Amino acid sequence: DGGITQSPKYLFRKEGQNVTLSCEQNLNHDAMYWYRQDPGQGLRLIYYSQIVNDFQKGDIAEGYSVSREKKESFPLTVTSAQKNPTAFYLCASSFRVWDTEAFFGQGTRLTVV
Amino acid sequence: RKEVEQDPGPFNVPEGATVAFNCTYSNSASQSFFWYRQDCRKEPKLLMSVYSSGNEDGRFTAQLNRASQYISLLIRDSKLSDSATYLCVVNNQGGKLIFGQGTELSVKP
């Protein structure tokens, strides 16, 4: 089945540690996105990528890094520089950047302990 | 000013009611528009795209007003299962999908 998969579903991290969230899609989509959602809030864009080896900062990129070495994969690293990393992280992809819907993974809940 | 702003919620309505959500966007060059539905602690899922001519899908009607830069979602004959958060989404030039903060709907028996 085609889809977009995030892993892990739940992740606990100690303060000061970097952690990488996985996002894989087999939909042959060009564009991929990372969003963060805090309780009772909307989605805020962290990074997005339109094609392989290209990505752009979103509205809250500080403390995060990404790579897009393969079309199917867009991992997000939450670094120790991110001051408040506890949140629900959502990855999405779309076939074309401009005018098509985005499909979401099931999300990763990151908790800093 | 936020790029995408929605009606503040929550909306509490009885079953069978008609409810309307509004959303405004600031970038006049925005390319495409969507309504997503998000259930509690789940990922957002597309409810419907919004076209300039307006579009309807069963009990749901979406409208776009480019001149005033707003979109709307109308839900008729609301069901208990319609309870969720509704997210307005705008696709700007450059490929950024911008989400509104969401409007929570609670349909009561």
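Proteins get letters first, then strands, A, B, ... in listed order; numbering begins at 1 in each. These values consider heavy atoms only, across backbone and side chains, with no hydrogens, waters or symmetry-generated copies. Quick caveat, the model's predicted, so the values are computed rather than measured.
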Enquirer: Between Gln106(A) (side chain only) and Gln6(A) (backbone N and O only), is there a donor and an acceptor less than 3.5 Å apart?
Expert: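 Side chain of Gln106(A) to backbone of Gln6(A): no pair is present.
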Enquirer: With chain B, which of Pro39(A), Gly105(A), Gly58(A) has the greatest number of heavy-atom pairs at distances under 4.5 Å?
Expert: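 Ranked by contacts with chain B, first place is Gly105(A).
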Enquirer: Could you report the tightest heavy-atom contact between Leu46(B) and Tyr36(B), atom names first, then the distance?
Expert: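 Smallest interatomic distance, heavy atoms only, reads N-CD2, 3.4 Å.
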Enquirer: Quick one: do Ile75(B) and Val13(B) end up in the same hydrophobic cluster if we chain Ile, Leu, Val, Met, Phe, Trp and Tyr together by side-chain heavy atoms under 4.5 Å apart?
Expert: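 Ile75(B) clusters together with Val13(B).
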Enquirer: Looking at chain A, which one of Lys45(B), Glu3(B), Gln38(B), Gln6(B) has the largest number of heavy-atom pairs inside 4.5 Å, strictly under?
Expert: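 Looking at each of Lys45(B), Glu3(B), Gln38(B), Gln6(B) in turn, Gln38(B) comes out on top.
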Enquirer: For the residue pair Tyr25(B) and Phe33(B), categorise the inter-ring angle as parallel (less than 30°), tilted (30 to 60°) or perpendicular (more than 60°).
Expert: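 Tyr25(B) vs Phe33(B) ring planes: tilted.
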Enquirer: Tyr48(A) vs Tyr33(A) aromatic rings, parallel, tilted or perpendicular, using cut-offs 30° and 60°?
Expert: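 Ring orientation, 0 to 90° scale: parallel.
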Enquirer: What part of Arg109(A) gets within 4.5 angstrom of chain B, counting heavy atoms only: side chain, backbone, both, or neither?
Expert: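 Answer is side chain: those atoms of Arg109(A) sit under 4.5 Å from chain B.
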Enquirer: Return the orientation label for the Trp34(A) and Tyr89(A) ring planes: parallel under 30°, perpendicular over 60°, tilted otherwise.
Expert: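 The rings of Trp34(A) and Tyr89(A) stand perpendicular, inter-plane angle above 60°.
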Enquirer: Under 4.5 Å, heavy atom to heavy atom, which residues of residues 100-109 of chain B contact chain A?
Expert: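 Counting heavy atoms that sit under 4.5 Å from chain A, the residues of residues 100-109 of chain B involved are Gly100(B), Gln101(B).
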Enquirer: Would Thr24(B) and Glu5(B) count as a side chain to side chain donor-acceptor pair (under 3.5 Å) if you check the C-alpha gap in whole Å, the side-chain angles of each, and the deciding distance to 0.1 Å?
Expert: CA-CA 5 Å; Thr24(B) 58; Glu5(B) 290 199 75; 5.1 Å; no
Enquirer: Taking side chain as everything from C-beta outward and backbone as N, CA, C, O, which of these in Leu43(A) sits under 4.5 Å from a heavy atom of chain B? Side chain, backbone, both or neither.
Expert: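 Both backbone and side chain.
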Enquirer: Identify which of Phe104(A), Phe103(A), Phe88(A) forms the greatest number of heavy-atom pairs closer than 4.5 Å to chain B.
Expert: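 It is Phe104(A).
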Enquirer: Of all residues at least two apart in sequence or in a different chain, which pass the side-chain contact (heavy atoms from CB on, under 4.5 Å) check with Thr20(A)?
Expert: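 So Thr20(A) forms a side-chain contact (heavy atoms from CB on, under 4.5 Å) with Pro75(A), Thr77(A).
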